[in-house]
Protein chains: 2
Amino acid sequence: MGIAERKTREKQALRERILDAARRIVMRDGFAALSMRKIADAIEYSPATLYLHFESRDEIAHALCAEGYAQLLETFVPLAAIEDPRERLHALGRAYVAFGLAHPQTYRLIFMEDPSYTSATLTGNRSDDSGDAAFQIMIDALDALRDAGRLPLPSTASVVWAEALWSILHGIVALQLTCPVFPHAAPELLVDVAFGAWFAQAGTAAKRRGNGTAKSRARPATKADTNATKKAQAKPEGTRKAASQAKATPKPVSKADSGAASGPPAQASPAVPAIRRKAARA
Amino acid sequence: MGIAERKTREKQALRERILDAARRIVMRDGFAALSMRKIADAIEYSPATLYLHFESRDEIAHALCAEGYAQLLETFVPLAAIEDPRERLHALGRAYVAFGLAHPQTYRLIFMEDPSYTSATLTGNRSDDSGDAAFQIMIDALDALRDAGRLPLPSTASVVWAEALWSILHGIVALQLTCPVFPHAAPELLVDVAFGAWFAQAGTAAKRRGNGTAKSRARPATKADTNATKKAQAKPEGTRKAASQAKATPKPVSKADSGAASGPPAQASPAVPAIRRKAARA
DNA sequence: GTCTATATGAGGATAGAC
DNA sequence: GTCTATCCTCATATAGAC
């Protein structure tokens, strides 16, 4: 049966190559620029071949989502070991935002592109039973905080609080990715401010229980999670630039070059009239 | 000069018709489904005519953004008169979220679709000098809260706080619009929880200064802003359904029928291979 | 399994006739 | 001002040869 196995292996390998190419395209140019043709070009196969491995472009997108989400989870796992639940939550928040900023295109794909992608990623993820692992980590931390008597929280409310926390994290990332021009405080600072305000009364680590103003927490913000998200930041995603200056600089992203994923640029040169977009059936 | 005036009027009228049609399409099927051809069909003109009034599809999108943002501002204005700054902030937050849920497609277009749209809407809005009026209203409320000594906030921090608040509001709306399937607390509840947590120490109106748990604030949440956003909710935006059952029901939206704007459905029937998407130039 | 070639359909934008 | 006709680009997906 060695032959069959080799064939299976080869098939798997090609599948991986497809996903690799797709991931590269998405990371460089954004999901909108992902097309079967481009993937085929990249791996030097014909477009038709892709359909032997994936049913559709959507299926590839789903696979990419699953990958990205797994990557996010990886950055969460070590943080879940932080003892102090307040610090744990804070670290998770910073890591979440850092992930979103380091992988803007992946984050967009998972959480901002299409409801079906998000749903599929969060619900039908892996062999896990319950829906969302990352989410559960946050709930656990809140429960721990409550059990320690540091947060007057009904047992049913931790889920709601976790959702509220998730909302602000997502809001920070999404806002940063979608409208980077707007005069905006550093996302890391926003996380700190938010957590400072939320858990002021749950003060624990002797930090001043003021409401986390700019100066008090601005500076050490991004220090802590640098290690945690180092792997993540090793593969930053850039923005599709004019393809001339977009050289995929291997430097760690600094939010400026990655977050501003420009969609169809308003300055589309009339000479190049090619702007496509997702459309509904008429 | 009556002739010239009439012509100007007629030109303006057609411009309005174009925008009306575009708005209808966006509200019903989402921005992705907006095409020059469809607009032209809707107003019974040729596609070429559109280009006499708008330079490109993007320009139409920008116009729609400006309209939508103005609409959002309208719902804010009366709330800015609320005396108690805490209540004012809370009301603004509820109104913001209510707007997003009542006009999912418009909200998407302004804040979630394309950075250039968001930027253009927020910065180059109207004859105003400063960038963002809605944002300023929030800052003012925070300043008032601080000036009343109810929030120990440095004068420079109110901007940051406003951005953090905006982030959570955006996060709540965006999350609701993008992944509605995820077991999620009611958005209004999330707003209340968040504001309760944020301004627990700024307690004012004799409300219990607990951290706004589920039961304490769940029920009266959406009551207050119903009037404020009545106009808004009078024109709900539905989701592009299979176009068969999508009858544009003129009932006030209840978040269920509007938020779940599904993009390219995974169950795209093979017989109808028309799924387009925005793409970058190669 | 893989490819070439092609069917099918949609879109933005423009030239040039009326 | 408006339309017809058209260009060009892009996509998904399949048929049928190798």
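Chain letters run A, B, ... following the sequence lines, proteins first, then strands; residues in each count from 1.
Here the two rings, on B:F31 and B:Y117, have centers that are under 6.0 Å apart.
The CZ-P distance, from B:F54 to C:dA13, rounds to 13 Å in whole Å. Look at CZ on B:R57: it is 15 Å from P on C:dT14, rounded to the nearest Å. Atom pair A:I43:CD1 and C:dC3:P shows a separation of 8 Å (rounding to whole Å applied). Between the CD1 atom of B:I18 and the P atom of D:dT2 there is a distance of 9 Å, given to the nearest Å. The CG-C1' distance, from A:L50 to D:dA13, rounds to 11 Å in whole Å. Rounded to a whole Å, the CG atom of A:L34 is 15 Å from the P atom of D:dC10. Separating the CG atom of A:D29 from the P atom of D:dC10 is a distance of 13 Å, rounded to the nearest angstrom. Distance CE (A:M36) to P (C:dT4): 16 Å, rounded to an integer number of Å.
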Show your reasoning for whether side-chain contact (heavy atoms from CB on, under 4.5 Å) applies to A:Y107 and A:H170.
CA-CA 10 Å; A:Y107 189 88; A:H170 175 66; 2.7 Å; yes

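Ion pairing of A:R6 with A:E10 is present here, as a side-chain N (NZ or NE/NH1/NH2) and a carboxylate O approach within less than 4.0 Å.
Residues forming a side-chain contact (heavy atoms from CB on, under 4.5 Å) with A:R24 (at least two apart in sequence, or on another chain): A:D20, A:A21. B:E44 pairs by the salt bridge (charged side-chain N to carboxylate O under 4.0 Å, His left out) definition with nothing, not counting sequence neighbours. B:A63 is linked by a side-chain contact (heavy atoms from CB on, under 4.5 Å) to B:L19, B:F54, counting only residues two or more places apart in sequence or in another chain.
Closest to the side chain of A:L52, from the set C:dT2, D:dA13, C:dA13, is C:dT2. Here the nucleotide nearest the side chain of B:S46, chosen from D:dA13, D:dG1, D:dT4, is D:dT4. Counting only heavy atoms from C-beta on, B:Y45 has its side chain closest to D:dT2 among D:dT2, D:dA13, C:dA13. Here the side chain of A:K38 is nearest to one of C:dG12, D:dA11, D:dA13, namely D:dA11.
Between C:dT2 and A:H53, a contact under 4.0 Å exists linking OP1 or OP2 to a side-chain N or O. Side-chain N/O atoms of A:S35 include none lying less than 4.0 angstrom from OP1 or OP2 on D:dC10. Regarding contacts with the backbone of D:dC3, a side-chain N or O of B:T49 is found under 4.0 angstrom from either OP1 or OP2.
Counting only residues at least two apart or on different chains, the salt bridge (charged side-chain N to carboxylate O under 4.0 Å, His left out) pairs with a member in residues 64-73 of chain A are A:R23-A:E67.
Counted within 6.0 Å of CD on A:E55, heavy atoms from surrounding residues, nucleotides or ligands total 12 or fewer; the atom is thus considered open.
Below 30°, between 30° and 60°, or above 60°: for B:W166 and B:Y96 the angle between ring planes is above 60°, a perpendicular geometry.
No donor-acceptor pair under 3.5 Å is formed between the side chain of A:T49 and the backbone N or O of A:Y45.
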Look for any protein N or O under 3.5 Å of an N or O in nucleotides 16-18 of chain D and output each such pair with its distance, or none.
none

For nucleotides 5-7 of chain C, which of its nitrogen or oxygen atoms have a protein nitrogen or oxygen under 3.5 Å away, and what is each distance?
none

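Both B:Y51 and A:L14 lie close to DNA chain C; mapped to their nearest nucleotides by heavy-atom distance, the more 5′-ward contact belongs to A:L14.
Note on B:K11: only backbone sugar-phosphate atoms sit closer than 4.0 angstrom, heavy atoms only; bases stay farther off.
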